[in-house]
Amino acid sequence: LDTPSELVAIVKKAMAIYSDERYQTIEELSSDLTAFQSGFAVSVKHDSFIESFNKLIKRNKAISIGGLISIIALLSGLGVSSLQWKEAIKQKKIAENNFILAKENENKIKLEKETGENNLKNQKEQQIKKNKELALAAIQKGREYLSQAKATDHKFSSTFAIEKNRDFFNAANSFRQALIYNNENEDAKKGLYETGKNHFELSLWLQSFEQAESNIADMKFAGSDEAH
C-alpha cells in the first residue's frame, strides 16, 4: 500500500532540516493531520481538480455509494450487459476497500499522534525528575561546603579565613546550581540565604583584619622613622 502523498508531504515538512521550513507551531501540524484524516486538502500540498473531487466523494461515501447503486439499477433497467454489471460491482468493492484502507490509515495516524504526545509527556516528566535529582545532589554538595566553612576557625589565621571564604563561595555556587535545576526548591533557597549571611559576616571580619594589619604596618613604619 502506497503512503498517501498528503501524509508524505506532512512528514517531510515536519522533519525538514531547516527550522523555518518546518511547522512553526503544533497547531499547524495538528491542523494538517486533522484535515488529512477528515479527507480535506492539507496546506503543504496543492490538490488538482480531480484530487479535490475524489476527496469530496470519499467524504460523502454514503451518498456516493447510494448514487452508484441507483446508476447501476438504471443501467440494468435499460438492459446493460452482464459484463458492465460485473464491472460496476467490482468498482463498488474497490471503493469500499479503499474506504476501509483509508479508515485504517486514519486510525494509524491517530495512534501515532497519541503515541507521539505520550512520548513527549514522558520525556518531559523524565527531565523534571532528572532535574530534581541533580538539584538534590547540588544541595548536598552545597551543605558539605557550608559545613566545612562553618567548622573552620577563621580567627586562627588568615590562611584559614581564606579557605573558609572559598568554601562559602563554593557552597553558594552549589545552591545556585540547584535552583537552576529546580527553582522551587526551598532547601536550596534556605541554603543560599544562610551561606550569603555567613559569607557577609566573614567578609566584614576580613576587612577588619586587613585594616588592623595595615594599621600595625603603619605603626611599625612610623616607629622605624623615629628611630632614625
Looking only at non-hydrogen atoms, find the nearest pair between [X] and [Y] and report the distance.
X: Ile17; Y: Arg22; result: O-NH1, 3.2 Å
X: Ala41; Y: Ala35; result: O-CB, 3.5 Å
X: Ala9; Y: Lys45; result: CB-CB, 4.4 Å
X: Ala171; Y: Gly142; result: CB-O, 3.6 Å
X: Leu202; Y: Ala161; result: CD2-O, 3.9 Å
X: Gln24; Y: Ser19; result: NE2-O, 3.0 Å

Supply the atom-to-atom distance [X] [atom1] to [Y] [atom2], rounded to the nearest 0.5 angstrom.
X: Ile100; Y: Lys93; atom1: CD1; atom2: NZ; value: 10.0 Å
X: Leu204; Y: His199; atom1: CG; atom2: NE2; value: 10.5 Å
X: Gln127; Y: Leu134; atom1: CD; atom2: CG; value: 8.0 Å
X: Ile162; Y: Asn165; atom1: CD1; atom2: CG; value: 8.0 Å
X: Glu144; Y: Asp167; atom1: CD; atom2: CG; value: 11.0 Å
X: Asn118; Y: Asn122; atom1: CG; atom2: CG; value: 6.5 Å

Subject >> Residues Glu96, Lys92: salt bridge by 4.0 Å N-O rule >> reply: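 Looking at Lys92 together with Glu96, the answer is yes, because their closest N to O distance falls below 4.0 Å.
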Donor-acceptor under 3.5 Å ([X] side chain, [Y] main chain):
X: Glu106; Y: Phe36; result: no
X: Asp32; Y: Ser43; result: yes
X: Asn105; Y: Leu101; result: no
X: Glu194; Y: Leu192; result: no
X: Glu51; Y: Ser48; result: yes
X: Thr115; Y: Leu111; result: yes

Is it true that [X] and [Y] fall in one hydrophobic cluster, defined by side-chain heavy atoms closer than 4.5 Å?
X: Tyr181; Y: Ile128; value: no
X: Leu7; Y: Leu29; value: yes
X: Val42; Y: Ile26; value: yes
X: Met15; Y: Tyr23; value: yes
X: Phe40; Y: Leu33; value: no

**OP:** May I have the step-by-step check of side-chain contact (heavy atoms from CB on, under 4.5 Å) for Arg176 and Leu179, ending in yes or no?
**Re:** CA-CA 5 Å; Arg176 289 192 191 97; Leu179 289 173; 5.7 Å; no
Subject >> Aromatic Tyr193 / basic Lys189 pairing, under 6.0 angstrom, 45° off normal >> reply: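 Not satisfied by the 6.0 Å and 45° rule.
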Original post:
Thr195 pairs by side-chain contact (heavy atoms from CB on, under 4.5 Å) with which of Phe169, Phe175, Tyr145?
Top reply: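 Answer after filtering Phe169, Phe175, Tyr145: Phe175.
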Counting only heavy atoms not in [X] (residues, nucleotides, ligands), do more than 12 fall under 6.0 Å from its [atom1]?
X: Ile50; atom1: CD1; result: no
X: Glu184; atom1: CD; result: no
X: Lys132; atom1: NZ; result: no

**OP:** Report yes if the side chains of Ile10 and Val44 come closer than 4.5 Å at any heavy-atom pair, otherwise no.
**Re:** yes
Original post:
Quick one: does Lys90's side chain get under 4.5 Å of Lys86's, heavy atoms only?
Top reply: no
**OP:** Before giving the answer on side-chain contact (heavy atoms from CB on, under 4.5 Å), spell out for Lys113 and Glu117 the whole-Å C-alpha distance, their side-chain angles and the decisive distance to 0.1 Å.
**Re:** CA-CA 6 Å; Lys113 180 183 178 182; Glu117 291 175 348; 3.5 Å; yes
**OP:** Indicate whether the side chain of Gln177 and that of Asn173 have a donor and an acceptor atom separated by less than 3.5 Å.
**Re:**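 Not at all, the side chains of Gln177 and Asn173 share no donor-acceptor pair under 3.5 Å.
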Subject >> Pair Gln91-Glu87, side-chain donor/acceptor within less than 3.5 Å >> reply: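 Checked: Gln91/Glu87 side chains pair up, N/O donor to acceptor below 3.5 Å.
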**OP:** Any chance you could lay out the side-chain contact (heavy atoms from CB on, under 4.5 Å) test for Gln126 and Lys130, step after step, and finish with the verdict?
**Re:** CA-CA 6 Å; Gln126 290 174 4; Lys130 182 179 179 181; over 6 Å; no
Original post:
How far apart are the C-alpha atoms of Arg143 and Asp187, what are their side-chain angles, what is the distance that settles it, and do they pass the side-chain contact (heavy atoms from CB on, under 4.5 Å) test?
Top reply: CA-CA 10 Å; Arg143 286 173 177 168; Asp187 289 338; 3.6 Å; yes
